[in-house]
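Down below is the structure, laid out as structure tokens.
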Amino acid sequence: MELRELGRTGLKLSTVGFGASPLGNVFGTVSDEQAIASVSLAFQSGINFFDTSPYYGGTLSEKVLGKALKALQAPRNSYIVATKCGRYKEGFDFSADRVTRSIDESLERLQLDHVDILQCHDIEFGSLDQIVNETIPALVKLKEAGKTRFIGITGLPLSVFSYVLDRVPPGTLDVVLSYCHYCVNDSALGDLVPYLKAKGVGIINASPLSMGLLTEAGPPEWHPASPQLKSACQAAAAHCKEKGKNISKLALQYSLLNKEISSVLVGMKSVEQVEENVAAARELATSGIDEEALSEVEAILKPVKSQSWPSGIQQS
């Protein structure tokens, strides 16, 4: 598995990252045995980056990931763990007090003495000025205390990243995690890459399958995409299937092509999913992407290219 540097952190992340939200039973029940086997195979296959949040499964994802990492019996510096703060089952709380307590709770669940990256989760649901003036200074203190090595922010609307990065001292933030904006149907994150690089932050891209839009099974009922976007993605998936191709594999490989993005986080909950994702990355490294299939899919998705959906509260 190829490793890529994460901004100025010195961390080298596997290009495919293990998204641990499914370990919180958010896409169906996962047994501890299944979780441990999946994390173990991922680690053996060269995946060294594991991302979770107290929000996923109401803290369950962190607990299960903690058990699975412990079962590896591997040196702590051989894997990279990211968790988040500010978003919980009960709602959002970006106060300095809450995020400071949050990391201690997360470390206990993860059975770790520090995480590598602590991220403010889905900041568009809070006051961005509170994030700048209160939350991030609290995260800086946690970094100084050694509870996390690096700090970052996550969110869906790309505008929140520049709002915050333009208002905190240079070098304060180490990482941004964007999702659903570097996929075959939406590559808007690509336009922001030069700006993010100039700010010195590492870039993580999550949800290359656009929360299920780019799958044969299709998105979950609650998916916020427009009917037009859903139907275009459905048509692209059907076209791939007809040609004996897999839309999800193509979508993951497309996201991995951008070398400026350090890691692509994919939710995984089974040994089969780990095998598929690792195989897709290896195939890309050895024989490249299926250009013909990609251009056909891009043509189908052209009318809805970079169409997103609203998320969070309207920021003034």
Side-chain angles (χ1 to χ4, degrees), residues 4-14 17-21 23-24 39 48-56 59 61-66 68-70 72 74-88 92-123 126 130-155 160-161 164-165 168-179 196 199-204 206 262-263 265:
R4 292 181 189 162
E5 294 203 0
L6 180 66
R8 297 175 183 162
T9 63
L11 296 178
K12 289 186 173 176
L13 272 52
S14 50
F18 189 108
S21 71
L23 303 188
V39 168
N48 71 350
F49 177 45
F50 299 86
D51 176 270
T52 183
S53 165
Y55 173 63
Y56 302 148
T59 75
S61 168
E62 285 188 325
K63 287 173 191 157
V64 174
L65 180 61
L69 290 172
K70 191 164 189 165
L72 292 176
R76 175 64 185 90
N77 65 358
S78 61
Y79 51 85
I80 293 159
V81 181
T83 193
K84 308 185 185 78
C85 60
R87 183 169 201 180
Y88 310 97
F92 293 89
D93 187 345
F94 294 106
S95 66
D97 175 61
R98 184 69 190 96
V99 301
T100 302
R101 280 187 289 122
S102 189
I103 185 62
D104 290 330
E105 295 163 6
S106 290
L107 291 175
E108 192 175 324
R109 289 189 284 263
L110 288 162
Q111 303 182 53
L112 298 173
D113 64 0
H114 72 277
V115 291
D116 299 284
I117 307 166
L118 178 61
Q119 303 157 109
C120 216
H121 197 174
D122 290 343
I123 59 172
Q130 182 191 25
I131 303 289
V132 169
N133 299 315
E134 182 181 348
T135 321
I136 289 171
L139 297 194
V140 169
K141 285 183 180 164
L142 294 173
K143 182 177 173 179
E144 287 164 355
K147 292 182 180 184
T148 182
R149 295 171 65 196
F150 302 103
I151 59 174
I153 49 177
T154 87
V160 299
F161 297 137
V164 171
L165 284 163
V168 297
T172 304
L173 287 174
D174 305 300
V175 189
V176 299
L177 188 161
S178 166
Y179 69 100
L196 294 171
K199 290 285 185 182
V201 293
I203 306 165
I204 296 165
S262 301
S263 188
L265 277 171

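Contact record, Leu165 with Lys199: O-NZ, 3.5 Å, taken as the closest heavy-atom pair. Minimum heavy-atom separation, Ser263 to Ser14: OG-O, 2.7 Å.
Proximity of a side-chain donor or acceptor of Arg109 to a complementary backbone N or O of Pro54 within less than 3.5 Å is not detected. Counting only distance, with no hydrogens or angles, the side chain of Asp116 and the backbone of Val81 share a donor-acceptor pair below 3.5 Å. A distance-only check finds no donor-acceptor pair linking the side chain of Tyr79 to the backbone of Asn77 [under 3.5 Å]. Looking at Asn48, its side chain never comes within 3.5 Å of a backbone N or O of Ile80 through a donor-acceptor pair. Looking only at distances, a side-chain donor or acceptor of Lys84 sits under 3.5 Å from a matching main-chain atom of Thr52. For the pair Thr148 (side chain) and Leu118 (backbone), a donor-acceptor distance under 3.5 Å is present.
When the shell of 6.0 Å around NZ of Lys12 is examined, it contains 12 or fewer heavy atoms from other residues, nucleotides or ligands. For Glu108, the CD atom sits in a loose shell: 12 or fewer heavy atoms of surrounding residues, nucleotides or ligands are nearer than 6.0 Å.
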Before you tell me yes or no, could you show the steps for Leu11 and Arg149 under side-chain contact (heavy atoms from CB on, under 4.5 Å), namely the whole-Å CA-CA distance, both residues' side-chain angles and the distance that decides it to 0.1 Å? CA-CA 10 Å; Leu11 296 178; Arg149 295 171 65 196; 3.5 Å; yes
Does Asp113 form a salt bridge (charged side-chain N to carboxylate O under 4.0 Å, His left out) with Arg76? I'd like the steps, not just the answer. CA-CA 10 Å; Asp113 64 0; Arg76 175 64 185 90; 5.1 Å; no
How far apart are the C-alpha atoms of Val176 and Val164, what are their side-chain angles, what is the distance that settles it, and do they pass the side-chain contact (heavy atoms from CB on, under 4.5 Å) test? CA-CA 11 Å; Val176 299; Val164 171; over 6 Å; no
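Counted by atom type alone, Ser106 and Glu62 present one or more donor-acceptor pairs between their side chains at under 3.5 Å.
Applying the side-chain contact (heavy atoms from CB on, under 4.5 Å) test to Ser178 and every residue at least two apart in sequence or in another chain returns Leu158, Phe161, His181, Leu189.
Ring geometry for His121 against Tyr55 counts as perpendicular: the plane angle is over 60°, on a 0 to 90° scale with 30° as the lower cut.
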Under 3.5 Å donor-acceptor pairs involving side-chain atoms of residues 93-100, not counting sequence neighbours:
unit_1, atom_1, unit_2, atom_2, d
Asp93, OD1, Ser95, N, 3.0
Asp93, OD1, Ser95, OG, 2.8
Ser95, OG, Arg98, N, 3.2
Asp97, OD2, Arg101, NE, 3.4
Asp97, OD2, Arg101, NH2, 3.3
Arg98, NH1, Glu105, OE1, 3.4
Arg98, NH1, Glu105, OE2, 3.4
Arg98, NH2, Glu105, OE1, 3.2
Thr100, OG1, Ala96, O, 2.6

